[in-house]
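Okay, so here's the structure we're looking at.
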There are 2 protein chains.
Amino acid sequence: MAAKRASQPRKSVWLTPRPARGRRAAESGSGAGNLDREKIVATAVRLLDAEGDAQFSMRLLAAELNVTPMSVYWYVANKDDLMELALDAVAGEIDLPDLTAGRPWQSDLRALAAAWRRTMVAHPWAIRSYGEYLNIGPQSMRFSACAQTVVARSPLPEQERPAALSAVFQYVYGFTSMESRWLEYGRESGRTADEFLEEVAGSVAEAPGIEAGGGMMERHSGVSIGELRDRDFDRALDWLLAGMCAGLTA
Amino acid sequence: MAAKRASQPRKSVWLTPRPARGRRAAESGSGAGNLDREKIVATAVRLLDAEGDAQFSMRLLAAELNVTPMSVYWYVANKDDLMELALDAVAGEIDLPDLTAGRPWQSDLRALAAAWRRTMVAHPWAIRSYGEYLNIGPQSMRFSACAQTVVARSPLPEQERPAALSAVFQYVYGFTSMESRWLEYGRESGRTADEFLEEVAGSVAEAPGIEAGGGMMERHSGVSIGELRDRDFDRALDWLLAGMCAGLTA
DNA sequence: ACCTGAACACCGTTCAAGT
DNA sequence: ACCTGAACACCGTTCAAGT
């Protein structure tokens with residue numbers, strides 16, 4: 001996607017909200033065959049999950065909905081808008097931690113990071129879209145608001161908090177991008193992710209330096225790649241949080 | 001790109017090296033009009049920089065080279081291969097620090113991160129491709145080897161080093177993805193990146209939480225957005241490095 | 001108000017053919 | 001050995017027209 005050149009560049013759905021049409025049919029509670037934006041977005045998410053974003057198209061979506069391709073355009077202005085809507089929909093699936101449970105802010109932040117990662121890995125196309133769009137839909141904002149509440153409870157001085165949030169979530173974004181790409185490679189190649197990793201590592205072993213795939217291909221001694229990944233994920237968060245707190249006492 | 005579904009899934013150029021054809025013309029030193037893989041890749045990089053990856057196509061490339069679209073396919077198997085070659089070419093532009101200068105390993109690691117970021121921001125399409133492909137070409141490996149040499153000099157225990165490298169570079173990847181996307185938004189919208197950020201921040205300010213764009217839109221008091229970004233980038237690396245080293249004494 | 005059909009301006013890539 | 005031309009199977013999206 002990524003907005004072909006146009007005289008007027010595209011603006012996010014959230015910045016120029018299109019009327020969510022098709023409400024009449026939805027509200028009148030008529031037959032299941034009717035379209036509305038919600039149904040379109042839900043179907044898009046399902047197809048994106050099943051087919052991947054490379055395979056997904058407006059035409060495929062329309063076929064799945066048993067309508068002509070152009071019918072969809074009554075409800076969404078274009079494919080980019082639809083992708084933003086789909087992305088916000090999956091952002092709504094992220095489990096937010098219960099902030100009233102009285103856990104330490106670090107635990108809540110970790111829970112948030114883990115929940116984000118889980119959701120993105122469940123929808124591999126979503127992490128790519130996340131890098132493409134503005135992510136300011138209601139569900140994304142719900143997540144951001146929660147994250148901000150969490151750091152607001154930390155002892156970090158107020159002017160440090162945005163940087164702390166960026167650091168954590170930019171890391172999580174980077175980690176998750178790599179992770180879901182490796183999982184996709186595994187799926188595409190028909191082998192397991194572990195086997196694919198072995199193969200690449202093998203083809204590359206003669207070179208002086210490795211680290212391909214963000215250094216995920218070393219030290220498997222009994223423990224599975226998945227566990228190693230989880231461990232690395234937690235470890236980096238340990239380091240970041242330790243670094244932030246170390247700054248406080250200095 | 002991202003490999004349309006095929007019976008045999010695509011393999012990286014680097015895993016199944018295609019013969020770099022067209023060497024005859026290149027070696028015989030004949031006229032400038034002749035094609036070879038090097039010239040094709042260089043032109044692709046130039047076009048990707050100038051037009052963006054959304055605008056770039058095999059047909060556009062062929063036109064720029066004054067040949068028929070299909071001529072290019074004599075030298076590269078497909079567009080994905082070409083993108084991998086282009087990506088490795090820009091990886092060759094990354095300035096590696098001089099490791100014989102006797103600087104502390106943290107400085108070298110920071111220099112490496114900064115050089116990577118600089119190159120990726122200079123070629124905004126490259127960061128997207130980086131997330132898409134395997135990045136195991138010779139120039140990528142040169143970079144990885146250097147990074148591994150740097151951490152090998154750190155006091156980190158050997159089994160921690162891959163995780164440390166991943167943590168740093170996954171963060172840098174995440175940061176740089178967001179950064180170049182914001183810069184693109186600015187360019188696309190015709191305004192400066194700062195103005196665009198203001199606009200989005202404005203449209204979003206009524207919501208309870210902000211942090212859109214990775215929390216880059218707060219606290220500008222005199223200092224430019226660019227400086228703030230640089231500061232946040234360094235800050236997160238401070239935290240990561242501090243966290244790693246803190247673990248050593250414990 | 002909602003949906004269709006035909007068309008436009010693109011893609012990447014195939015295949016058989018030219019020189 | 002290298003390059004072309006025509007064609008295939010797609011895209012997203014326009015526009016005017018139907019109900």
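Chain A is the first sequence line, chain B the second, and so forth, proteins listed ahead of strands; every chain is numbered from 1.
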Give the intermediate values and the outcome of side-chain contact (heavy atoms from CB on, under 4.5 Å) for residues A:Ile94 and A:Arg142.
-> CA-CA 10 Å; A:Ile94 302 171; A:Arg142 178 194 72 120; 4.1 Å; yes

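Per the geometry, CZ belonging to A:Arg37 stands 15 Å off C1' belonging to C:dC2, to the nearest Å. As a whole-Å value, the separation of B:Trp74 CH2 from C:dC15 P is 15 Å. Atom pair A:Asp53:CG and D:dG12:P shows a separation of 12 Å (rounding to whole Å applied). A:Leu65 has its CG atom 10 Å from the P atom of C:dC3, to the nearest Å. One interatomic measurement links the two molecules: CG of B:Leu61 to P of C:dC11, which rounds to 12 Å at whole-angstrom precision. Atom OH in B:Tyr73 sits roughly 19 Å away from atom C1' in C:dA17 (whole-Å rounding). Note: CG (B:Asp80) to C1' (C:dT13) measures 12 Å, nearest angstrom. Remark: P of C:dC2 and CG of A:Asp36 are 10 Å apart, rounded to the nearest angstrom.
You'll find that the side chain of A:Leu35 is closest to C:dC3, out of C:dC3, C:dT13, D:dC3.
Judged by distance alone, with hydrogens and angles left aside, the side-chain atoms of A:Asp232 form no donor-acceptor pair with the main-chain N or O of B:Ala163 at under 3.5 Å.
Nearest heavy atoms, A:Lys79 versus A:Ser57: NZ-CA, 4.3 Å. Shortest non-hydrogen contact noted between B:Glu84 and B:Ser12 is OE2-OG, 2.8 Å.
A close approach under 4.0 Å does not occur between any side-chain nitrogen or oxygen of B:Ser71 and OP1 or OP2 of D:dC3.
Straight-line distance between the C1' atoms of D:dC3 and C:dC15: roughly 14 Å, to the nearest whole Å. D:dA9 and C:dA9: their C1' atoms are spaced 16 Å apart (whole Å).
Side-chain contact, A:Trp125 with A:Asp49: a donor N or O sits under 3.5 Å from an acceptor N or O.
Salt bridge B:Arg37/B:Asp81: absent, no basic N to carboxylate O contact under 4.0 Å.
Mapped onto DNA chain C by nearest heavy atom, A:Arg59 and A:Pro69 fall at different nucleotides, with A:Pro69 at the one closer to the 5' end.
Residue-level contact check: A:Ser57 touches the backbone only, with heavy atoms under 4.0 Å from sugar-phosphate atoms and none from bases. Note on B:Met58: only backbone sugar-phosphate atoms sit closer than 4.0 angstrom, heavy atoms only; bases stay farther off.
A centroid separation of less than 6.0 Å is found between the aromatic rings of A:Phe143 and A:Phe169.
Stem list for DNA chain D (at least 3 consecutive Watson-Crick or G-U pairs, distances under 3.5 Å): C:4-8 with D:12-16, C:12-16 with D:4-8.
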